[in-house]
Amino acid sequence: MVMPGVLDFPMLEGVQPAPDCLGLRETLAEDGEAFECLGAPLSRVNDLAFAYVRAASERGWTDAGGAGIALWMTRVLPDGKCQRLTIAGMWDFERTPRPRPNDPGIVVISLDPDIRCPVLRPAE
């Protein structure tokens with residue numbers, strides 16, 4: 001289970017916990033965020049990230065955009081506050097500037113528990 005008691009996402013096939021986040025935990029983690037890294041061969045990281053996006057959608061999260069290597073999702077809580085979920089796929093860019101498909105990669109899933117709710121604009 002990924003983030004038991006917080007997100008309760010399934011541990012997908014071929015994924016294993018990567019507690020040190022390929023040595024990037026201190027760089028990636030922010031105060032107050034629930035945070036987990038999942039290891040897999042780099043060739044599978046993109047598909048796994050999108051599988052976790054689907055798992056989040058099934059649990060009421062909505063798309064909130066993305067850029068580069070990260071996708072963001074939000075959900076409104078019963079008290080009217082919002083949470084932001086970030087799902088990113090990556091490898092250690094500094095140690096492996098030219099990665100190969102079987103090099104280690106990670107899917108990073110982090111939860112910011114208290115954000116300002118996004119303002120939804122009508123489509124033009």
Side-chain angles (χ1 to χ4, degrees):
M1 191 69 51
V2 177
M3 289 192 205
V6 178
L7 293 175
D8 295 324
F9 287 174
M11 186 67 71
L12 299 175
E13 185 177 333
V15 173
Q16 64 275 345
D20 73 339
C21 302
L22 298 178
L24 300 171
R25 178 168 282 285
E26 288 183 23
T27 302
L28 298 171
E30 293 185 23
D31 290 339
E33 289 185 332
F35 185 85
E36 190 155 349
C37 291
L38 307 168
L42 190 55
S43 62
R44 297 219 38 237
V45 165
N46 192 57
D47 290 339
L48 290 167
F50 280 104
Y52 281 111
V53 167
R54 285 190 299 278
S57 293
E58 292 166 2
R59 289 162 175 77
W61 291 87
T62 58
D63 180 58
I69 62 171
L71 301 167
W72 298 287
M73 302 183 85
T74 59
R75 72 175 171 184
V76 180
L77 300 173
D79 65 3
K81 293 183 181 180
C82 286
Q83 292 180 318
R84 180 182 60 222
L85 180 66
T86 303
I87 300 173
M90 66 183 74
W91 70 95
D92 185 338
F93 307 110
E94 291 182 5
R95 284 192 243 170
T96 313
R98 301 187 79 178
R100 296 191 170 116
N102 288 323
D103 283 344
I106 52 174
V107 175
V108 180
I109 300 175
S110 64
L111 177 69
D112 188 335
D114 186 17
I115 65 163
R116 186 178 65 197
C117 292
V119 176
L120 301 177
R121 296 184 186 122
E124 295 181 16

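Keep in mind that what you see is a predicted model, and the values were worked out from it rather than measured. One is the number of the first residue; the rest follow in order along the sequence.
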Derivation and outcome, side-chain contact (heavy atoms from CB on, under 4.5 Å), residues Val2 and Met11: CA-CA 6 Å; Val2 177; Met11 186 67 71; 4.1 Å; yes
Leu42 and Pro101, any side-chain heavy atoms less than 4.5 Å apart: no
Smallest separation among heavy atoms of Ile106 and Cys37, with atom names: CD1-SG, 4.2 Å
Heavy-atom pair with the smallest gap, counting every atom of Ala40 and Leu48: CB-CD1, 3.5 Å
Atom CD of Glu13: over 12 foreign heavy atoms under 6.0 Å: no
Side chain to side chain contact (heavy atoms under 4.5 Å, CB included) partners of Pro104, counting only residues at least two apart: Leu22
Sequence neighbours excluded - ring-ring contact (aromatic ring centres under 6.0 Å, His included) pairs with any residue from residues 40-60: none
Residues which pass ring pair (Phe, Tyr, Trp, His ring centres under 6.0 Å) with Trp72, listed by chain and number, not counting sequence neighbours: none
Stepwise side-chain contact (heavy atoms from CB on, under 4.5 Å) test for Val107 and Val15: CA-CA 9 Å; Val107 175; Val15 173; over 6 Å; no
For the student: nearest non-hydrogen atoms of Val76 and Cys82, plus distance: CG2-SG, 3.6 Å
Residue pairs involving residues 90-118 (criterion ring-ring contact (aromatic ring centres under 6.0 Å, His included); sequence neighbours excluded): Trp91-Phe93
Shortest non-hydrogen contact from Leu38 toward Pro17: CD2-CA, 4.4 Å
Sequence neighbours excluded, every pair satisfying salt bridge (charged side-chain N to carboxylate O under 4.0 Å, His left out) that has a member inside residues 93-110: Asp92-Arg95
Qualifying residues under side chain to side chain donor-acceptor pair (under 3.5 Å), relative to Arg75, sequence neighbours excluded: Gln83
Under the side chain to side chain contact (heavy atoms under 4.5 Å, CB included) test, residues paired with Ala56 that sit two or more places apart: Phe9, Trp61, Met73, Leu85
With Thr62 via side chain to side chain contact (heavy atoms under 4.5 Å, CB included) - residues at least two apart: Thr74
Smallest separation among heavy atoms of Val6 and Ala34, with atom names: CG1-CB, 4.2 Å
Asp8: partners by side chain to side chain contact (heavy atoms under 4.5 Å, CB included), with sequence neighbours left out: Met1, Pro4
Residues in side chain to side chain donor-acceptor pair (under 3.5 Å) contact with Glu36, at least two apart in sequence or another chain: none
Distance (rounded to the nearest 0.5 Å) between Ile87 CD1 and Ile69 CD1: 13.0 Å
Nearest-0.5 Å distance that lies between atom CG in Leu12 and atom CZ in Arg44: 8.0 Å
Nearest non-hydrogen partners of Ser43 and Asn102, listed with the distance: OG-OD1, 4.3 Å
